[in-house]
Amino acid sequence: MADDLRDSALKYHRFPRPGKLAIQAIKPMASQRDLSLAYSPGVAAACEEIERDPLMAAEYTARGNLVAVISNGTAVLGLGAIGALASKPVMEGKAVLFKKFADVDVFDIEIEERDPDKFIEIVAGLEATFGGINLEDIKAPECFEIERRLRERMKIPVFHDDQHGTAIVSAAALLNGLRVVGKELGEIRLVCNGAGSAALACLDLAVSLGVCKENILVCDRNGVIHAERTEGMDRYKARYAVRTEARTLADAVNGADVFFGLSSGGALTPEMVATMADRPLILAMANPTPEIMPEVAKAVRPDAVIATGRSDYPNQVNNVLCFPFIFRGALDCGATTINEEMKLATVKAIADMATTTVPETVAVAYGGQALTFGPEYILPKPFDPRLIDTIPPAVAKAAMESGVAARPIEDLDAYTRALSRQVYRSGNVMEPVFERARLNPLRLLYAEGEDERVLRAMEVCVTQRYAKPVLIGRRAVIEERIEELGLPVKAGVDFELIDSHDYPDYAELANDYHRLMGRRGVHPEAAEKRVRSRATILASLLLRRGEVDAMIAGPVGTYHEHLDLVLDVIGLREGVSTPAALQLLILERTTLFIADPFVNYDPDASQIAEITLLAAEQVRRFGITPRAALVSHSNFGSSDFTSAGKMRQALALIQERAPDLVVDGEMQADSALSMGVRGRILPDSLLDGEANLLIMPNLDAANIAFTALKVLGNGVSVGPILLGAAKPVHVLNRTVTARGIANMSAFAVVEAQTDR
């Protein structure tokens, strides 16, 4: 691991609080009555109900949404048997993924016990606490026995993700890969390199789908697993021992239709790939380096369909496509196990999703990629928002039909709709933006290149390949600060530096600035002085001339100071009369866009309408369908004050200009964010579901709402996003963090990609 990544990872885990998880109360504890309800004497009522009917534990406790991620640290990632305590960061990370993708709560439990019998006894004793058990990073062959015996003893789902998560996603890739190459499951020859827990689970599921066991050859570090072999064998591998003359991987893959790689980087050579059957399917799933890199395989076999475990290539085989969602469905129907029917339902749901037309919002979020079923798209993207409302219903349905659902879901359609409302309740909202930025990283200019936060954000953009950074600042200062911060970047190599003390084109740019500002009181001498002394002016001129693709102004100085300078040079795009700002706020429960917390003090109805349309356009860049609420102190005509009237007028203007936009108002904030409240007041509201775009009546309301929600809701903000400028430019405020600048950098690049 590179030193800079190691240092950043350690800081990430240590600050501002150690670890990645915390426990948060979800019920009020503000009065003596709250205390009496939560604990004594009121808690007795819930205890009695659960004693009467154990299924009520899901109604009165968190158990129905609580999973244990459990490991003994015997097979951790690529680290091996590092022990239970050292495995804790990985288990916390797994817990975060459960919460992030499917809103499943997790306790990570690390057990320092390598005796399988004792380990089983410890885990089995936890059944009363959890709704499901996710076993993680337990070495083979013990993991097979541990999972089998726990499944027999426990009446809750027990799932070894290393086995079954990988198996499910690889099976979906197998189905779709064969669809693309036009081959049948029952006729293919499959070779698997690797015979650990994941590999054997992948093979078992492939056989369940219809692959003939006799047509499978398995290799491990000792070569082909054949009927005569005794070295390095166990009863689990022996299931796939066949009579064959093949002894090496090269022998095995000759003429094979499918390759499963669950071994080590570089194990499959180009020479081996060249001997495979026509239109081979290669799933090279070793991480971080696949058994063969896609470009290497394609060089010898252009007809191959290839998937890897990496996010920087098409067709990523990633367990996150599976495990959060299969548990979501299992928990919601009270499944007592995760059986073969549920796993196969997950396989089919994942595979079928990739064959359907990608919704416009998803296509926009992953712009630049061909998200059309074919060789480069046989699996959904890990951040496809459809996963949450596709897989859990399929899992729950299979659980009910197979008789293992203790709490059957009566209305699967209603359940699916409820799941869809969870889609953007986390940082997921930024991931498609990052992916899209990486596809075509453009030249992004930072006006305040000397600022420490800008330098840290620039380093993130370089390492994550979001952008090609260009910095304005004094060379000596920037290089000194990079050295002090220990950033692994260098001017002229990783980023371009425009030295504000030694820039050759000042005179020419000063002429450009004078042509723009000469009739606004700026003399030629003053023009050159301004260009030399104000980095925002210099940056804006370079963006205007097309020498960079996008620009970030700030965070040094006031927002309006930079905004005025930007608009003097860049101006507004054609047809726009009002600049505005949009703020994205990622909260624990939801994701909101708020306009306008920075620019317009008291916009009129026409300006409100224009701001709404501009904001909705930017919301779509995140792959989100905007649902706008015109927020007011008034609820659908309950007040005749001027501010309420202008919101009603704005609604009429918006409906006239954009009849397809989901929008309603004027309404109070609780009506915007709660369908229940809104339904009692106006059942036939034009707003469908919870609003995700709040249009405020004035700057005070917008700024107060934004800052209060951010602080009280422990929110992560992205923005301000400048609306209406003629070029991709954004102005940051003084309180922005390095993370916030990195987020805005990726967004600015995506905006520039779209505007090209």
Side-chain angles (χ1 to χ4, degrees), residues 17 19-70 92 95-96 98-100 102-109 122-134 154-157 324 327-336 392 396 399 405-411 414-415 417-419 421-422 425-426 587-590 668-681 690 708-709 711-715:
R17 295 174 58 177
K20 298 189 282 284
L21 298 171
I23 296 173
Q24 181 178 7
I26 59 173
K27 297 295 171 65
M29 191 63 67
S31 67
Q32 181 62 39
R33 178 167 174 78
D34 290 341
L35 181 60
S36 67
L37 292 173
Y39 198 55
S40 180
V43 71
C47 294
E48 290 167 349
E49 287 298 303
I50 295 170
E51 182 186 27
R52 179 183 60 80
D53 179 3
L55 291 179
M56 297 308 292
E59 300 293 329
Y60 295 116
T61 74
R63 183 175 184 262
N65 192 50
L66 188 61
V67 166
V69 171
I70 301 180
E92 286 189 356
V96 170
F98 268 104
K99 187 67 177 178
K100 181 183 181 73
D103 198 25
V104 173
D105 294 321
V106 167
F107 288 154
D108 64 288
I109 300 177
I122 294 169
V123 176
L126 301 173
E127 183 169 350
T129 302
F130 296 100
I133 303 290
N134 185 92
M154 303 179 79
K155 295 180 181 178
I156 58 175
F327 267 100
R328 178 75 278 156
L331 291 171
D332 290 341
C333 70
T336 56
R407 300 189 308 277
I409 297 170
E410 294 183 5
D411 188 339
Y415 173 58
R417 290 193 296 272
L419 288 169
R421 292 195 290 271
Q422 294 183 20
R425 289 184 180 175
S426 72
L587 302 169
E588 293 179 1
R589 195 191 73 83
T590 191
Q668 294 177 356
D670 57 351
S671 295
L673 300 175
S674 169
M675 292 193 307
V677 171
R678 190 169 64 251
R680 290 193 296 272
I681 297 169
E690 297 176 358
L709 283 169
V711 173
L712 296 176
N714 192 29

What's the shortest heavy-atom distance between R678 and S671, and which atoms? NH1-O, 2.6 Å
Ignoring hydrogens and angles, tell me if any N or O in the side chain of N134 forms a donor-acceptor pair with the backbone of P324 under 3.5 Å. no
Non-hydrogen side-chain atoms of P392 and Y415 separated by less than 4.5 Å: yes
To the nearest 0.5 Å, what is the distance between CD (E92) and CG (D108)? 5.0 Å
Nearest heavy-atom approach of A95 to L21 is CB-CD1, 3.6 Å
Atom pair CZ (R407) and CD (E410), whose distance is rounded to the nearest 0.5 Å: 13.0 Å
NZ/NE/NH1/NH2 to OD/OE distance under 4.0 Å, K27 and D34: no
Which pair of non-hydrogen atoms, one from C333 and one from A399, has the smallest distance, and what is that distance? SG-CB, 3.7 Å
Spacing of L126 atom CG and I70 atom CD1 [to the nearest 0.5 Å]: 5.5 Å
Without swapping roles, check the side chain of R63 against the backbone of F130 for a donor-acceptor pair under 3.5 Å. yes
Check whether any side-chain heavy atom of I50 lies under 4.5 Å from a side-chain heavy atom of T61, and answer yes or no. yes
So do the side chains of V96 and V106 get within less than 4.5 Å of each other, counting heavy atoms only? no
Shortest non-hydrogen contact from P157 toward G131: CD-O, 3.2 Å
Residue pair D105 / K99, side-chain heavy-atom distance below 4.5 Å: yes
From CD (E59) to CG (D53), nearest 0.5 Å: 9.5 Å
So which atom in G713 and which in L587 form the shortest heavy-atom distance, rounded to 0.1 Å? O-CD2, 4.0 Å
Can you tell if the side chain of P41 reaches within under 4.5 Å of the side chain of S36, non-hydrogen atoms only? yes
Answer yes or no: is there a donor N or O on one side and an acceptor on the other, between the side chain of E690 and the main chain of S674, under 3.5 Å? no
Would you confirm whether R328, through its side chain, and D103, through its main-chain N or O, come within 3.5 Å as a donor-acceptor pair? yes
Taking all heavy atoms of M154 and all of I133, pick out the closest pair and write down the distance. CE-CG1, 3.9 Å
At what distance, to the nearest 0.5 angstrom, does CG of L55 lie from OH of Y60? 12.5 Å
Could you walk me through whether F107 and V67 pass the side chain to side chain contact (heavy atoms under 4.5 Å, CB included) test, one step at a time? CA-CA 7 Å; F107 288 154; V67 166; over 6 Å; no
